[in-house]
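Every heavy atom of this structure was used, including side-chain atoms; hydrogens, water molecules and symmetry mates were not.
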Amino acid sequence: MASSGSITSNEKEGRSITLSWSISSQDVTQNYSIISWELTGSGSASGYVMSGAFKAVINGVTVYSSETRIQLRNGTSVASGTLQISHNSDGTKSFSLSCEAGVYTYAVSVSASGTHTLNTIPRASSVSASNVTMGSATTIAISRASSAFTHTLTYTFGSATGTIATKTTATSVSWTPPVSLASQIPKAVTGTCTITCTTYNGSTSIGSKTCTLTLTVPTTVKPTISSLTATRVDGDVPSTWGIYVQTKSKATLAINGAAGSYGSTIASYSITGGGYTSTASSFTTGSLNTSGTITFTATVTDSRGRVSTAATVSISVVAYSPPSFSSYLSQRCLSTGTIDDDGTYIRGLVSYSYASCNSKNTVTRATYYKKASDTAWTNAGAAFSSGTAFTFGGGKISTETSYDIKYTLTDAFTTIAIQDIVSTAAVVMDFKQGGKGVAVGKVSEVDKAFEVAEDWDVRVYGKLLKDYIKSLMGEMYPVGSIYMSVKNTNPSAYFGGTWVAWGTGRVPVGVNTSDSNFSTVEKTGGASTVTLTTSQMPSHTHTFTGSSATTSSSSHSHTIPNTVGNNSGSGTKCETWSNASDSGRTLTSSSSSHTHTVTAKGTNANTGGGGSHTNLQPYITCYMWKRTA
């Protein structure tokens, strides 16, 4: 680019000519330049040389032509003037210039030509903008070349386009990208937006320029959950109760109305609570092992990695523990209930407790007896109340025989039983008639046996025998011990103490302090089903099976018709393509035989349903109890 320049011809008799130019002015609005030019004599000779046939051509325009001969000296101004040159639409312009003259001769003997480039006239205005969060304003700055220019601003973001301003005269425009543009980037939180500034001079477009800025999805754009609902799974609980019962009920949790925002999709789910976790949109817990209020929390994560506001649901779980006996006593008595060692009735006194489950649960009590030597039980038909003495046996309790007594408690879920013994009539010592048995405090009933009346104390190492046995049991099953059985009988019936159901629906595992999953006792975790995330899937590849195709092989050539000159008449003439003679046609050279290989391309379709799979190890079920006191 230049603001001035010149060309100088060859010399004849030491004389040449020079055509020089310079920019006088440039019109930014109209996109043209005005140059001043001058044709002068030049060269190394002194004095003058007669010259004529002058001609100067600039940008295709003959600006001077004269056959008049003059005395041409070094520095003689032959002609001068100005010329308006229009620029290209982008403001650039290169132009040609030439000059000639007949120096010393009448025919043209000196000449010069060249191409020069004018300074570019600023055209399309430049534009810039700052990064912004969708829904907030950014300022678009326009740097224009002329105050007469107006500008139309448009944007492109993904497949979305729009107009920001139309032929505005402002050089600073405020724009708030709509949040709806987030739908163009469903898997990202930022994207690149292109702003195009088209510059107008009146109604004429004189060019466009662009800039880019980063649009960020607002943090408020995240997936949503309509609700988290809990549906009661009764299992053994009578449906008419309408309540959750500890260790008996389960709950089905379901995320409802999970939806992405502005084009995003749901990528993963999370539900936690009650000692359970799940990555499915719906799952059923194991047995609810705690009572009181249990709150479940759910979130979803979308394809942008945004996490929804948590949805919660709380349920109330009624406390439950199996029925238990706290004490029992069975004694011979008279029909009036008066205790008598020779009585033919039995007086029972039983204390027990059970979980009422908000007055939904009831307990059925039954009493049985049989001779110690029999196998079949007789239902005494006698119900009882806790802590209240009652009489049964109907006078049929022989004084010559010991009896086994059994008390049972049955609630909606469990039956427990406890047994007692009522001895024969009381004597200090008795030898079995006709046999070899001996008894103390009762009638002897068994050969080759030493019997002691149930209401007599037997001491071992200074301790009552029953206390001695309990102490042994206490050593075998101290507080914190776990007892497993295939019978649903509370171990307190066997060993005493207080026992509670434990580990319902779970498999025990040893404490491992080096693993946070198993670092403390009674820590719960795990899930019966699991849905793998993308990152958890095994690394794998898909093989596309295809073959290449080969085009056929052949050699060939092409005919190109040439124009043929016709010199008849004045000037030079050419035949048309259609009537050019064969002699005016040319054959391209023939290539050797060759082939082209085309490689097949394609994509592999997605497969899989994304459902959960079972996470259960091989198992066998039993009842488990933990001693708490």
Approximate separation, where rounding is to 0.5 Å, of [X] [atom1] and [Y] [atom2]:
X	Y	atom1	atom2	result
S86	N59	OG	CG	8.5 Å
R123	I206	CZ	CD1	4.0 Å
I266	S281	CD1	OG	10.5 Å
C197	I140	SG	CD1	9.0 Å
K209	S143	NZ	OG	8.5 Å
N31	I121	CG	CD1	4.5 Å

Give the minimum heavy-atom separation between [X] and [Y], together with the two atoms involved.
X	Y	answer
A145	S125	N-OG, 4.0 Å
T117	S94	OG1-OG, 2.9 Å
A298	I271	CB-CG1, 4.1 Å
T152	K167	OG1-N, 3.0 Å
A254	S282	CB-OG, 4.0 Å
V313	L228	CB-O, 3.3 Å

(request) Please test I17 against V78 for side-chain contact (heavy atoms from CB on, under 4.5 Å), starting from the C-alpha separation and ending with a verdict. (result) CA-CA 9 Å; I17 59 173; V78 179; 5.6 Å; no

(message) Here's one to test your reading of the geometry: is the NZ or CZ of K12 within 45 degrees of the ring axis of Y104 and under 6.0 Å from its centre?
(response) no

In terms of side-chain heavy atoms, does [X] have a donor or acceptor partner in [Y] at a distance below 3.5 Å?
X	Y	result
S33	H87	yes
S159	Q184	yes
T309	K222	yes
T214	T190	no
T139	S172	no

Non-hydrogen side-chain atoms of [X] and [Y] separated by less than 4.5 Å:
X	Y	answer
V307	V300	no
Y262	I185	no
L181	L215	yes
I7	L97	yes
R232	K250	no
L213	I195	yes
S314	I294	no
T192	F157	no

Quick check against the 3.5 Å criterion: does [X] have a side-chain atom that pairs as donor or acceptor with the backbone of [Y]?
X	Y	value
D302	R304	yes
D515	N517	yes
R144	T169	yes
S278	A280	yes
T163	A165	no
S146	A148	yes
T212	T194	no
S66	T68	yes
N10	S109	yes
D27	Q30	yes

(message) If you count every heavy atom of other residues, nucleotides or ligands that lies below 6.0 Å from K187 atom NZ, does the total exceed 12?
(response) no

(request) Answer yes or no: are there more than 12 heavy-atom neighbours, outside K55 itself, under 6.0 Å from its atom NZ? (result) no

(request) Please name the residue in the list T229, T284, T285 that meets the side chain to side chain donor-acceptor pair (under 3.5 Å) test with T252. (result) T284

Using residues 34-52 as the side-chain source, report each donor-acceptor pair under 3.5 Å to any protein atom, sequence neighbours left out, with the distance given to one decimal.
{"unit_1": "S36", "atom_1": "OG", "unit_2": "S24", "atom_2": "OG", "d": "2.5"}
{"unit_1": "E38", "atom_1": "OE2", "unit_2": "S77", "atom_2": "OG", "d": "2.8"}
{"unit_1": "S42", "atom_1": "OG", "unit_2": "S16", "atom_2": "O", "d": "3.3"}
{"unit_1": "S42", "atom_1": "OG", "unit_2": "S16", "atom_2": "OG", "d": "2.7"}
{"unit_1": "S42", "atom_1": "OG", "unit_2": "T18", "atom_2": "OG1", "d": "3.0"}
{"unit_1": "S44", "atom_1": "OG", "unit_2": "E11", "atom_2": "OE1", "d": "3.0"}
{"unit_1": "S51", "atom_1": "OG", "unit_2": "V49", "atom_2": "O", "d": "3.1"}

(request) Determine, stepwise, if the pair E100 / F54 fulfils side-chain contact (heavy atoms from CB on, under 4.5 Å). (result) CA-CA 6 Å; E100 61 183 36; F54 293 103; over 6 Å; no

(message) Can you tell me how the ring of W21 sits relative to the ring of F95, calling it parallel under 30°, perpendicular over 60° and tilted otherwise?
(response) perpendicular

(message) For a side-chain hydrogen bond (donor to acceptor under 3.5 Å, both in side chains) check, start with the C-alpha distance between N119 and S3, then their side-chain angles and the critical distance, and finish with the verdict.
(response) CA-CA 6 Å; N119 288 340; S3 60; 4.7 Å; no

(request) For the pair L153 and I142, evaluate side-chain contact (heavy atoms from CB on, under 4.5 Å) and give the outcome as yes or no after the intermediate values. (result) CA-CA 10 Å; L153 298 172; I142 302 171; 4.1 Å; yes

(request) Starting from the C-alpha separation in whole Å, work towards a yes-or-no answer on side-chain hydrogen bond (donor to acceptor under 3.5 Å, both in side chains) for S303 and S264. (result) CA-CA 6 Å; S303 51; S264 71; 4.6 Å; no

(request) Evaluate the criterion side-chain contact (heavy atoms from CB on, under 4.5 Å) for residue pair L118 and I23; output intermediate values, then yes/no. (result) CA-CA 8 Å; L118 296 171; I23 295 176; 4.0 Å; yes

